[in-house]
Amino acid sequence: MENKSEDNDIQFLIENGFEKKKCIKCGALFWTKDKYRNTCGEAPCDPYSFLNNPPTKRKYTLEEMREEFLSFFESRNHKRIKRYPIVARWREDVFLVNASIYDFQPHVTSGKVPPPGNPLVISQPCIRTVDLDNVGKTGRHLSVFEMGGAKSFNFPNQFVYWKDDAVRLAIEFLNHLGVETKDITFKDKPWYGGGNAGSAVEVMVAGLEVATLVFMDMIQDPDGPYEFEGVKYKKMENKIVDTGYGIERFTWLSQGTTTIYDAIYPDLTKMLMEEVGLSKPEFLVKFMELSILEDGSEKKFLESLSKEDREVMEKLSAIYMLVDHTRAITFLVYDGLVPSNSKAGYVLRMLIRRALMAMDKVGIKEKLWDLIEIQKERFKDILDLSMERSAREIIELEEERFRDLLLKGDQLILKYAKKGVLTQEAINTLFQSNGLPIEYTIERARQLGIKLPDKVEKAKGFVNVREPAQKKEKPKIVNKYNPTKKSYYEDERKLEFKGNVLGAEGNYLILDETYFYPEGGGQPSDHGYIVLNGNKYEVRDVQLVDDVVVHILDKEIQANKGDIILGHIDEERRIRLMQHHSGTHILLSSIRYVLGNHVWQAGAQKDPYLSRLDITHYKDINAEEIKQIERRANEVIQMNLRLRKEFVERNQAEQKYGFILYQGGIPEGKQLRLVEIPGVDVEGCGGTHVDRTGDVGLIKIIKIEKIQDGIYRFHFKAGRSAVEHYQEIMEKISKIENLMGEDPEKTFIELNSELDSLKKSISKGIEVYEAQGIKFYKLHERIADEFSRGIKDPLAVIVSAEKVRVVSNSNINAGEIMRALEKEGIAKGGGSQSYAQGKILKENFDLKQIADVINDNR
Ligand SMILES: [Zn+2]
Ligand SMILES: [Zn+2]
């Protein structure tokens, strides 16, 4: 195939009798072979004409259409690729897959990684959250849709195919289904997105857009000659054909049912409608016609209906939403997504809650899981069934949580409604802090007779953009160097080496090869020293700048190209880091083993002494689970498995292991370094690792904290650091034993109960009186002295069985009072201005007597 067309005119269409025209209704440019046609072929310019009148040879189910599409392109030399998850694990910029090209961005489209097939074909489930509000209402919007993608990647040294063949294949596929060429129109459209741009044609049949053929050949450039919406682009070397065929739309086209949902989910829709005694209203067709013609016209139509008819329509709409949302939930939960209050997990939580609300609205008795299971059974060929256990528990728990929330819902709404009015702010708080969906709040508030703002604003929706990870500032090197040979991958045990200097800049040193590990993948750099001409320089840090390893020294170094240095790596630090890094892989696999396959690494930081690992999970982790995880991790250590570390071809590794490889981030390049613990774990990882799991020695979980909704942080120690941890604990215990005897626990319990009874006797045993401006305390002998010391009253008398004490915090002299008491024969003793005490002489003295003596003497 050769590359003929460079401009926006598509040679193939011209040569095959297509004419370029301008739509008399919307003004868009389009290609057609039908000389009588003067509209672009898309609704509303051309209303849907396939309803009850499909243009295909036969009807297809969704599964049949998917297979028809894939095998058609396969027969045209495209390699069939397994679908990717909707959760975009391999992307650092987005959370969820919006289009099939996402699978191949950024590294394939940029040319850094070869495509897994060229050309290739895939049916990729995608989600566009902006459409969710319309699901069930318009008859054509979907929660998740399968985008059939036939792609070709043309690189400067490899041409596959470009516009002409893409258009030819689209026509051939439609002909293959029975659609005549004269009924196809191609609508011209500029295209841009994700930093790229190009041109595109939309493929229209019977009013329905069934595919878009994108020809991507530009890249963003501030000085570029092309401009779309104020952003400039230039031509790029790589030209990519990115086609998207709506598999559900083709299914719908072939069936001509009233709505797309009836085409995709005929059985489930029927089952639910029967359950609630609903039959399809006749006016539905009219409604559908209107809803595709003009925005809002269907609303007017609905308002013209009787109350009963409108209710039927609302229920039907809820059922359509339910059958469609449950498929999306099934895909997301089987892709290992965990519901949460933020990020992608938020989309799943909202879908679940909306589905539950729809079930309540129409009175469906099943549990949500029952419907998910039906969807799972249907789509099991393209789901990861190892998620089953997690998926079920997640759905059941979310349903339970939401039911609990709704039980409290009315109370919450009433609490936030001030004087019978619920403000926008209160509605937002109910949503953000309490998780009460806004639609629900509105509905319940109306039923409770609470006033609402005229127009309630929707919550700020999900934004499919990840915050860029904070990158550490890299050292700035001035000169150009060849990539450093990373010898630490060849021998992780070699800690002394001779290296050739490539250059030195201040305290930066660059060698031709190195055994010093540069910081990366959550693993800090090696430390150590280098020796040059008898001088020793500490290596404080090692950083990778592009492909060059920069050794950062404690002081400036004078070195010339070709000088030989001796490198020495700090063994203690390296071993501890290796134990923690291999330990991280072992711990993660153990957490998955115990908690389920939905667990995904959400971050990790290795450290020689205390490392951390963040994981996704949907509920608090209990003590028994922690024990099981720790036991499993140490069992893996005891199995003493040999780690396999090798560079492999990236596409093969992805197809073999899936995206579970990218737990620790997404490396670039054609080659991927795999670190595999056979039968336990496999990850793409550039860190340094021990040779056998036994070398990790020991893993001890120190603590677990919930750092975000749906994310838990494990703090743990491995190897030498774990041993030291036990030693410290044992030291503490032996100190305690020295203090508390052989059974500190027993001693502690005894002491504690003694303390308790003492506290009780104190609080019970102190009697307090106030008479004639004097505070009297009667209490137990054992605590009376101690108690007297803390008294703040101006004048107090503390009486125990044997003694009387006088405390003065005023100008009254306590000693003089004691002498007066002695004169009266009440007590015998002495003291100073602020404190005096004496032995009680009279057996039956009363407090009034003392008070009288004091008042006579002050
Ligand atoms: Zn038009
Ligand atoms: Zn790793």
Side-chain angles (χ1 to χ4, degrees), residues 19-32 34 36-49 89 184-189 201-209 292-295 486 488-489 492 517-525 544 574 576-592 600-608 611-615 633 636 643-648 653 657 659-667 672-677 680-691 693 695-696 699 714 716 718-719:
E19 245 185 287
K20 200 169 192 171
K21 294 184 182 176
K22 195 170 184 174
C23 176
I24 56 161
K25 291 194 178 163
C26 71
L29 293 172
F30 67 96
W31 297 87
T32 180
D34 176 355
Y36 301 108
R37 171 174 285 284
N38 51 27
T39 48
C40 63
E42 185 176 21
C45 301
D46 289 88
Y48 291 174
S49 59
R89 309 281 194 200
I184 307 168
T185 55
F186 294 94
K187 199 170 165 183
D188 265 6
K189 203 183 107 180
V201 287
E202 290 173 337
V203 186
M204 309 295 167
V205 177
L208 188 65
E209 182 196 339
I292 52 167
L293 282 182
E294 217 177 298
D295 261 357
K486 296 162 178 170
Y488 45 84
Y489 284 138
E492 281 154 311
Y517 178 80
E519 181 176 356
Q523 181 181 333
S525 73
L544 194 60
R574 163 64 80 78
R576 284 172 189 264
L577 283 168
M578 294 206 304
Q579 287 177 329
H580 274 107
H581 200 146
S582 303
T584 304
H585 290 211
I586 293 172
L587 182 60
L588 179 63
S589 74
S590 308
I591 299 170
R592 290 170 65 91
W600 196 265
Q601 178 170 318
Q605 183 61 47
K606 290 92 184 174
D607 179 273
S611 290
R612 54 170 213 251
L613 170 63
D614 301 341
I615 57 123
V636 171
L643 273 73
R644 284 226 314 259
K645 310 163 209 176
E646 53 180 353
F647 283 91
V648 293
Y657 297 106
F659 297 97
I660 194 171
L661 290 177
Y662 301 145
Q663 297 278 348
I666 304 98
L672 195 64
R673 185 172 183 257
L674 279 195
V675 175
E676 183 178 3
I677 305 171
V680 175
D681 181 71
V682 57
E683 294 182 36
C685 177
T688 55
H689 285 273
V690 299
D691 292 331
T693 58
D695 299 336
V696 173
I699 285 178
F714 281 68
F716 73 98

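As a basis for the values below, the full set of heavy atoms in this structure was taken, side chains included, without hydrogen atoms, waters or symmetry mates. Whatever order the structure lists them in is the order used to number ligands and atoms, beginning at 1.
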Peer 1: Relative to each other, are the rings of Tyr662 and Phe659 parallel, tilted or perpendicular (30° and 60° limits)?
Peer 2: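 Taking Phe659 first and then Tyr662, their aromatic rings sit tilted (interplane angle of 30° to 60°).
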
Peer 1: First locate atom CG of Leu613, then atom CZ of Phe716, and finally report the distance between them rounded to the nearest 0.5 Å.
Peer 2: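 The CG atom of Leu613 sits 6.0 Å away from the CZ atom of Phe716.
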
Peer 1: Looking at Val696, is its backbone amide N or carbonyl O close enough to the side chain of Ser582 to form a donor-acceptor pair, meaning the two atoms are under 3.5 Å apart?
Peer 2: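 No; judged by distance alone, with no hydrogens or angles, the pair does not exist.
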
Peer 1: Under 3.5 Å, side chain of Tyr489 to main-chain N/O of Gly686, donor-acceptor pair present?
Peer 2: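 Yes; at least one donor-acceptor contact below 3.5 Å.
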
Peer 1: Assess whether a salt bridge exists between Asp46 and Lys25, defined as any Lys/Arg side-chain N lying under 4.0 Å from an Asp/Glu carboxylate O.
Peer 2: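 Salt bridge flag = no for Lys25 with Asp46.
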
Peer 1: What protein N/O/S atoms are found closer than 2.8 Å to the Zn ion (ligand 2)?
Peer 2: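 Correct list: His581 NE2, His585 NE2, Cys685 SG.
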
Peer 1: Which residues and atoms, counting only protein N, O or S, are under 2.8 Å from the Zn ion (ligand 1)?
Peer 2: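 Listed by chain and number: Cys23 SG, Cys26 SG, Cys40 SG, Cys45 SG.
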
Peer 1: Is it true that a side-chain atom of Lys189 and a backbone atom of Glu202 form a donor plus acceptor pair closer than 3.5 Å?
Peer 2: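 No, Lys189 side chain to Glu202 backbone: no donor-acceptor pair under 3.5 Å.
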
Peer 1: For Gly603, does its backbone N or O pair with a side-chain atom of Arg612 as donor and acceptor, under 3.5 Å?
Peer 2: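 No, Arg612 side chain to Gly603 backbone: no donor-acceptor pair under 3.5 Å.
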
Peer 1: Is a side-chain N or O of His580 found less than 3.5 angstrom from the main chain of Ala718, in a donor-acceptor match?
Peer 2: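 Here the side-chain-to-backbone pair exists.
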
Peer 1: One thing to verify: whether Lys645 and Glu492 come together as a salt bridge, which I'm taking to mean a side-chain N less than 4.0 angstrom from a carboxylate O.
Peer 2: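 Lys645 and Glu492: salt-bridged.
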
